[in-house]
Amino acid sequence: MTIKGTTKLVGVLGWPVAHSRSPLIHNYWIEEHGLDAAYVPLPVRPEDFGAAIAALGKLGFVGANVTVPHKEAALAASVEANPLAARVGAVNTVVFAEDGTLRGLNTDVAGFLGNLRGGAPGIDLASGVAVVLGAGGAARAVVAGLIEEGDMKVRLVNRTRVRAESLAADLGGEHIDVVDWDERASALDGADLLVNTTSLGMTGSPPLELDLDALPVDAVVNDLVYAPLATNLLKAAAAKGCCTVDGLGMLLHQAAPAFEAWFSLRPEVTPALRAYVLADLGAPVKSEGEG
Ligand code: ATR
């Protein structure tokens with residue numbers, strides 16, 4: 001890559017940001033399409049976010065991704081946010097207009113749905129029951145996808161019940177039943193889909209303790225955790241015969257609409273890109289959809 005006077009800049013604001021694979025993914029596509037552009041990591045402390053995002057617009061950046069812990073602040077900073085981002089309560093992608101003003105988007109919802117449809121091609125999101133574990137930012141994008149793009153009933157299970165109740169109130173209470181964390185195993189009865197949005201099972205976090213006995217064998221199980229890629233949840237679900245979808249695809253699929261918003265060019269999520277990112281994660285390479 002050669003940086004020139006004409007090179008367009010994009011990047012990712014996060015704190016910390018060193019673990020982010022977004023630079024890897026977007027620079028892969030920039031190179032693949034021969035664009036005169038570069039994507040850079042932007043480590044920005046929470047207290048500096050407002051100044052940093054305003055400065056990026058003035059510095060001529062085309063746009064940026066926004067990751068933890070700035071997604072809510074990015075919504076507040078957006079002059080114009082798309083309705084989905086406003087309902088989810090988070091912006092993960094911004095686009096700067098010529099005058100530096102900021103338009104906020106949420107591509108996490110599309111990323112979740114794209115990954116799920118890619119990994120479980122037969123899945124019907126127009127009906128049925130989904131059990132969602134967790135009620136944080138990731139859960140908001142997942143639940144919005146399931147009830148707005150799809151038409152599923154959601155059983156929302158979270159350790160802190162009040163957080164699940166607040167998510168349900170924000171996103172459409174009639175589609176969502178809040179279930180106590182201690183009832184998570186019985187909540188699986190008759191479910192068509194199980195999604196883990198908690199950090200449980202991630203390297204360095206406690207394990208997810210969940211008895212899958214009540215889960216039907218034709219259910220689809222998606223873990224948003226991708227380090228490790230084959231979580232204990234996915235291994236147990238696969239051993240039962242369930243279709244499993246890992247979390248790496250969500251990261252790749254949320255990146256594609258962001259890239260398109262900046263460069264008017266929709267990049268593809270290919271097995272080669274997946275293998276490239278997996279190699280960087282130090283994980284064994286598998287193709288999309290494999291359990
Ligand atoms: P994200 O934006 O990635 O969703 P988050 O907002 O910090 O991150 O949410 C993390 C989720 O994991 C929450 O649902 C959290 O439950 P609480 O709302 O009760 O905090 C869940 N989580 C984290 N550690 C947990 C644990 N030890 N047991 C159960 N749930 C846990």
Side-chain angles (χ1 to χ4, degrees), residues 12-17 19-22 44 46 49 65-76 84-93 104-113 115-116 130-147 154-171 176-188 194-212 221-229 231-234 236 245-255:
V12 55
L13 295 95
W15 186 263
V17 83
H19 66 284
S20 173
R21 263 60 187 199
S22 290
V44 174
F49 179 77
N65 281 130
V66 176
T67 189
V68 176
H70 303 311
K71 291 185 187 185
E72 289 80 12
L75 174 65
L84 187 61
R87 277 198 299 282
V88 172
V91 156
N92 77 324
T93 301
L105 310 171
N106 186 303
T107 68
D108 286 331
V109 176
F112 163 67
L113 293 172
N115 182 38
L116 195 58
V131 175
V132 176
L133 305 178
R140 284 182 175 259
V142 165
V143 173
L146 294 176
I147 66 178
V154 173
R155 294 178 192 152
L156 186 61
V157 192
N158 196 48
R159 175 180 62 176
T160 309
R161 186 181 168 98
V162 64
R163 214 172 168 204
E165 283 166 350
S166 130
L167 190 164
D170 290 349
L171 281 173
I176 304 169
D177 286 324
V178 172
V179 178
D180 281 335
W181 184 246
D182 288 346
E183 304 298 322
R184 60 193 182 281
S186 54
L188 302 177
L194 166 63
V195 186
N196 175 40
T197 78
T198 75
S199 48
L200 297 175
M202 192 188 297
T203 307
S205 294
L208 170 61
E209 281 164 21
L210 180 62
D211 182 341
L212 297 184
V221 179
N222 177 204
D223 201 336
L224 301 197
V225 170
Y226 61 82
L229 196 62
T231 60
N232 286 342
L233 171 64
L234 293 183
V245 182
D246 68 53
L248 179 61
M250 180 167 169
L251 181 71
L252 305 177
H253 283 274
Q254 63 78 27

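Just follow the structure's listing: the first ligand is 1, and inside any ligand the first atom is 1.
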### Task
State the atoms of ligand 1, each with its element, that fall below the 4.0 Å cut-off from a heavy-atom position in A135.
14 (O)
### Message
Give me the nearest non-hydrogen protein atom to atom 13 (C) of ligand 1 as residue plus atom name, then the distance to 0.1 Å.
### Response
R163 NH1, 3.5 Å
### Atom indices of ligand 1 within 4.0 angstrom of A138 heavy atoms, with elements
1 (P), 2 (O), 4 (O)
### Summary
Closest non-hydrogen atoms of A141 and V109, given as atom of the first, atom of the second and distance, are O-CG2, 3.6 Å
### Message
Is atom 20 (O) of ligand 1 touching the protein, meaning some protein heavy atom lies under 4.0 Å away?
### Response
yes
### Summary
Closest to atom 16 (O) of ligand 1 (heavy atoms only, candidates N158, V225, N196) is N158
### Query
Which is it for L171 and R87 under the side chain to side chain contact (heavy atoms under 4.5 Å, CB included) test, yes or no, and what are the steps along the way?
CA-CA 7 Å; L171 281 173; R87 277 198 299 282; 4.2 Å; yes
### Message
I'd like the name of whichever of R184, R140, R159 reaches closest to atom 24 (N) of ligand 1 through any heavy atom.
### Response
R159
### Message
Please tell me whether T198 and N196 have a donor and an acceptor in their side chains that are separated by less than 3.5 angstrom.
### Response
yes
### Summary
Atoms of ligand 1 under 4.0 Å from any heavy atom of W181, numbered from 1 in the order shown, are 29 (C)
### Residue, atom name and distance, where the atom is the protein heavy atom closest to atom 2 (O) of ligand 1
G137 N, 3.2 Å
## Note on the structure
In ligand 1, the atoms that come under 4.0 Å of a heavy atom of G134 are 14 (O)
### Query
For atom 23 (C) of ligand 1, which protein heavy atom lies nearest, and how many Å away is it?
S199 OG, 3.4 Å
Quick one: side chains of residues 65-76, donor-acceptor pairs under 3.5 Å with protein atoms, not counting sequence neighbours, listed by atom name and distance.
from, atom 1, to, atom 2, distance (Å)
N65, OD1, H26, NE2, 3.3
N65, OD1, Y39, OH, 2.7
N65, ND2, N92, O, 3.1
N65, ND2, T93, OG1, 3.3
H70, NE2, V44, O, 2.8
K71, NZ, D108, OD2, 2.9

### Residues V157, E183; criterion side chain to side chain contact (heavy atoms under 4.5 Å, CB included); working and verdict
CA-CA 8 Å; V157 192; E183 304 298 322; over 6 Å; no
### Query
Just wondering, do N232 and L208 contact through their side chains at under 4.5 Å, heavy atoms?
no
## Note on the structure
Min over G136, A90, P207 of heavy-atom distance to atom 9 (O) of ligand 1 lands on G136
### Message
Would L194 and L133 count as a side chain to side chain contact (heavy atoms under 4.5 Å, CB included) here? Give the steps.
### Response
CA-CA 8 Å; L194 166 63; L133 305 178; 4.0 Å; yes
### Query
Heavy atom under 4.0 Å from ligand 1: found in V68's side chain, backbone, both, or neither?
neither
### Message
If you apply the rule side chain to side chain contact (heavy atoms under 4.5 Å, CB included), what do you find for V195 with L224, and how did you get there?
### Response
CA-CA 7 Å; V195 186; L224 301 197; 4.1 Å; yes
### Minimal non-hydrogen separation, A187 against V131, with atom names
O-CG2, 3.3 Å
### For atom 11 (C) of ligand 1, the protein heavy atom that lies nearest, with its residue and separation
T198 CA, 4.0 Å
### Query
Among protein heavy atoms, which lies nearest atom 17 (P) of ligand 1, and at what distance?
T160 OG1, 3.4 Å
